[in-house]
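Presented below is the structure to which this report refers.
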Protein chains: 2
Amino acid sequence: MVATIKNVAAEASVSPSTVSRVITGKAPVSSDKREKVLAAIKKLNYRPNILARGLKSKETKTLGLILPNITNPFFAEVAKGVEDAADAAGYNVILCNAGDDGAKEIRYLEVLHKKWVDGIVYDTVGVDTVDYLRTIMGDGIPIVTMDREIKGLPVDAVCLDNVKGGYIATRYLIALGHRKIALIAGPVYISTTTDREEGYRRALDEVGIQPRPDFIRYFSYDFESGFNAAAELLSFDDPPTGFICANDMIALGVIQQLERKGFQVPMDFSVVGFDDIYVSRLVKPALTTIAQPKYEMGQKAVALLLEHIARKRKRPKTALFAPELVIRESCGEQVRK
Amino acid sequence: MVATIKNVAAEASVSPSTVSRVITGKAPVSSDKREKVLAAIKKLNYRPNILARGLKSKETKTLGLILPNITNPFFAEVAKGVEDAADAAGYNVILCNAGDDGAKEIRYLEVLHKKWVDGIVYDTVGVDTVDYLRTIMGDGIPIVTMDREIKGLPVDAVCLDNVKGGYIATRYLIALGHRKIALIAGPVYISTTTDREEGYRRALDEVGIQPRPDFIRYFSYDFESGFNAAAELLSFDDPPTGFICANDMIALGVIQQLERKGFQVPMDFSVVGFDDIYVSRLVKPALTTIAQPKYEMGQKAVALLLEHIARKRKRPKTALFAPELVIRESCGEQVRK
DNA sequence: CTGTTAGCGCGTTCAA
DNA sequence: TTGAACGCGCTAACAG
C-alpha cells in the first residue's frame, strides 16, 4: 500500500492542506505541526505523487529530447548537456530516439505533447513536422531546435556558426597549399549543409579559386558515406588533394578508403572532419577537425527552454556557438598535383 | 487554450463518458456518435491528458533508466536497446545520468519513485542504494539491474556471463602461446570484476599456470586507467606479454602506453578488450575483444520489466547473455620472453 | 496559522 | 448504448 497525503494527514492528525503546505513550503505552518507531519511522512514513507501535482499545477517537471540516435557520440554529448542542465533545474528528460524515420518523429512529438512535457529539445533533420510543431507550440509547450532554423516558425534555436565552420576548415587547407578541395557535405536540403557550403565557397572565393561543382558531394552522416564519396572523388581524372567532411564519421570513412587504395594520410591527401567526437583523437592518424561545443549546446538548449517556461521572454532567440579548428594529424602540406 | 474531454463532449453534444469510451475503446459506442466524437476531437485538436489518465489508472507508461554516463558508447548502446523496446511497447523512458556520484543516484531513484514510473532499469555500480531500491520495490515498482546482482534483494537482472568472458579471453591468449598474462580489471568490489577474474583464473589453472597476484590490477573503466596500468606492469622486471582488459577504453589506453614506450601491438604485446564498442574496429590496430550484446541486453531488461508490470511473474529472474570473442588485430603469437 | 471546499482531466462505476 | 456521479492525489481559494 502506498501512502497518500490523506494517510499522512490522518497519521499526523492534521488536514491534508497542512501536509501540502509543509511539503511545498509555500505557506507558514506552526513548528509543532510541521514536526508531526514530517514524522508521519517518514513513518509512512510518503512520496508526493507528482502526477497529481502536475494535474493541478500544469507542470510535469519533465522535458522531451528528440534526436536521431543516442548511439552517435555527437548526440550523446548533446544529450548529456541537456540532461545535466535539466537535472540542475529540477527537471527530468524523456529520451526519444527518432532514427531517420519521419513517422516516428511525429509519433514522439505526439507522445510528448500528450504527456504534457514542459518543453522539447528538438534535434533532428526531419522536414515534415512543421505543422505538428506549430500545434504543440500553440498549446504552450516551448520548443528549441538544435542546429536548425525552421522558416515560418518562431522557435528558439541553438546553432553552430556553420558558415564559419566551413570557412575555417577550407582556409586551413588552403594555407597548407591545397587548391583542389572537395566538400563531402551532409544531406542537401538542410541549413547546416548549405551554411557550411557557403563558408567553403567564401574561403575559396577569397583566394580566387573557382569552386568545382563536381567536388561538392551530398551524402549522409556516416562512415559508409565517406567511404563511398572518397571512391567517387578518387576516380576523377583530376582528383582533389584535400577533403572537408560534414562530420568525423565521414572523415574516418574517407581515410579508410584512401588507405585501402594504397595512399597515406596526411602524406598523400589531407582530410578534415567536423564535430570532434572523442574517437577522433584515438584514431590514427588522429583527426584534424572542426570542433563544436556539443555539451554546452545541449545545456544552452535547456536554458532557453527554461526562459520560456518562466515566461521571461516570448520572442524567439537563436544562440550561436563558435566552431574551432582542432589541428591533429590528418592534414599536411599539399604535395601531389 | 487546450481542449479537454469536456470541450470535446460539448462540441459533439455527448457526455464526457462517451468521449472516453471512444478513445479507450473499452465499451461500445454507436457509430454515429463515434463519428461525431472523432470529428470533434479532430476539430479541437484534442489530446487526452496522460497525467490525468495516470492518476486514475496508476500507470504512467514511462520507465526510468539510470546509468553512469550516456556518453560512454557502451551505455549508449544499452540505452538504445532500452528505448527501442520501451517504445515498441508504448512506453517512454526517462534518462538519468548518475555519473559516479552515489548521492545523485539516490536522488534519481527518489525522483523516479515520485514520478511513478512503471519500472526502472538500473545500470550502475553504486553500492549504497539497496535500502532505497527495497523501498521502491515495496511500492510495487519493478526494477531490473544490469550486470549486477544485489544480494538480499529479489530483483530481476540482465547479466553477461562474465566468468565465461574472462575465460575465453584468457584461453585465447594462452592458445597464442602467452604464459604471462595480466588482468586489468574493473573496480574490485563489483561482481562483474570478480566474475571475470574467476574465468581468468580458471583458464590459467586448466593449463597449469600459477596466477601471479601482481598481474591482477584493479582500476576504473577508462582510458587513463589502461594507460597507467600498463606503465606499472611494464616497469616489472618480468612483465606480462599479454593484457586482458576490463573494457575497450582501458585496452586503448594500454596500447597507447605500449606504443609510447616504443613497442608495437601485436608484435611485442597482445591486448584483449571487453565490450566491443564501435571504436574498436576503427582504431589501429583494430581491437580484439570480448563482445557483449549490449543492445539486446537493453531490450531484454525492458522485457523483464514488462513481465512484472503485466504481473505475469513474481519470482526474480536473471537473463544471462553469452560473451563472444571477436578476433581483430591486437593479439599475436607470443614471441618476447 | 489552519481546516474545509472545490476542481485539475480522466476513467469507471451505477442506473437508466 | 448512454449519461450522471464519483474519485484518483494534490493544491489553491476561501473562511475562520
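Numbered from 1 within each chain, the chains take letters A, B, ... in sequence-line order. None of these values were measured; they are calculated from a predicted model.
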Run the salt bridge (Lys or Arg N to Asp or Glu O under 4.0 Å) test against [X] and tell me which residues pass, sequence neighbours left out.
X: K317(A); value: E307(A)
X: D156(B); value: R313(B)
X: D87(A); value: K104(B), R107(B)
X: E11(B); value: K43(B)

So which protein N/O to nucleotides 11-13 of chain D N/O distances come out below 3.5 Å?
| residue | atom | partner | partner atom | Å |
| --- | --- | --- | --- | --- |
| dT11(D) | OP1 | R53(A) | NE | 2.6 |
| dT11(D) | OP1 | R53(A) | NH2 | 3.1 |
| dT11(D) | OP2 | S20(A) | OG | 2.9 |
| dT11(D) | O2 | K56(A) | NZ | 3.3 |
| dA12(D) | N6 | S17(A) | OG | 3.2 |

If I take atom [atom1] in residue [X] and atom [atom2] in nucleotide [N], what distance separates them, rounded to the nearest angstrom?
X: W116(B); N: dG9(D); atom1: CH2; atom2: P; value: 8 Å
X: N49(B); N: dG11(C); atom1: CG; atom2: C1'; value: 13 Å
X: K6(B); N: dA4(D); atom1: NZ; atom2: P; value: 12 Å
X: R47(A); N: dC10(D); atom1: CZ; atom2: P; value: 12 Å
X: E59(A); N: dC10(D); atom1: CD; atom2: C1'; value: 14 Å
X: L55(B); N: dC8(C); atom1: CG; atom2: C1'; value: 9 Å

Sequence neighbours left out, cut at 3.5 Å: what donor-acceptor pairs do the side chains of residues 88-100 of chain A make with other protein atoms?
| residue | atom | partner | partner atom | Å |
| --- | --- | --- | --- | --- |
| N92(A) | OD1 | K115(B) | NZ | 2.9 |
| N97(A) | OD1 | I70(A) | N | 2.8 |

Where along residues 30-43 of chain A does a heavy atom fall under 4.0 Å from DNA chain C? S30(A), K33(A)

Any residue meeting ring-ring contact (aromatic ring centres under 6.0 Å, His included) with H308(A), in chain and number order, not counting sequence neighbours: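 For H308(A), no residue satisfies ring-ring contact (aromatic ring centres under 6.0 Å, His included) once neighbours in sequence are set aside.
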
D32(A): partners by side chain to side chain donor-acceptor pair (under 3.5 Å), with sequence neighbours left out: S30(A)

Of all residues at least two apart in sequence or in a different chain, which pass the side chain to side chain donor-acceptor pair (under 3.5 Å) check with D84(B)? Y295(B)

Listed by chain and number, what are the side chain to side chain contact (heavy atoms under 4.5 Å, CB included) partners of R21(A), not counting sequence neighbours? S17(A), T18(A), A27(A), V29(A)

Rounded (10°) bend between the five-pair end axes of the helix from dC1(C)-dG16(D) to dA16(C)-dT1(D): 40°

Is it the case that R47(A) and N49(A) place a side-chain donor and acceptor less than 3.5 Å from each other? no

Just so I know, are the side chains of L160(B) and M297(B) near enough to count as touching, which here means a heavy-atom distance under 4.5 Å?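 Result yes, sub-4.5 Å side-chain heavy-atom pair found.
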
I want to check one thing: is the phosphate of [N], taken as OP1 and OP2, less than 4.0 Å away from some side-chain N or O of [X]?
X: S15(B); N: dG3(D); value: yes
X: K58(B); N: dG9(D); value: yes
X: T18(B); N: dG3(D); value: yes

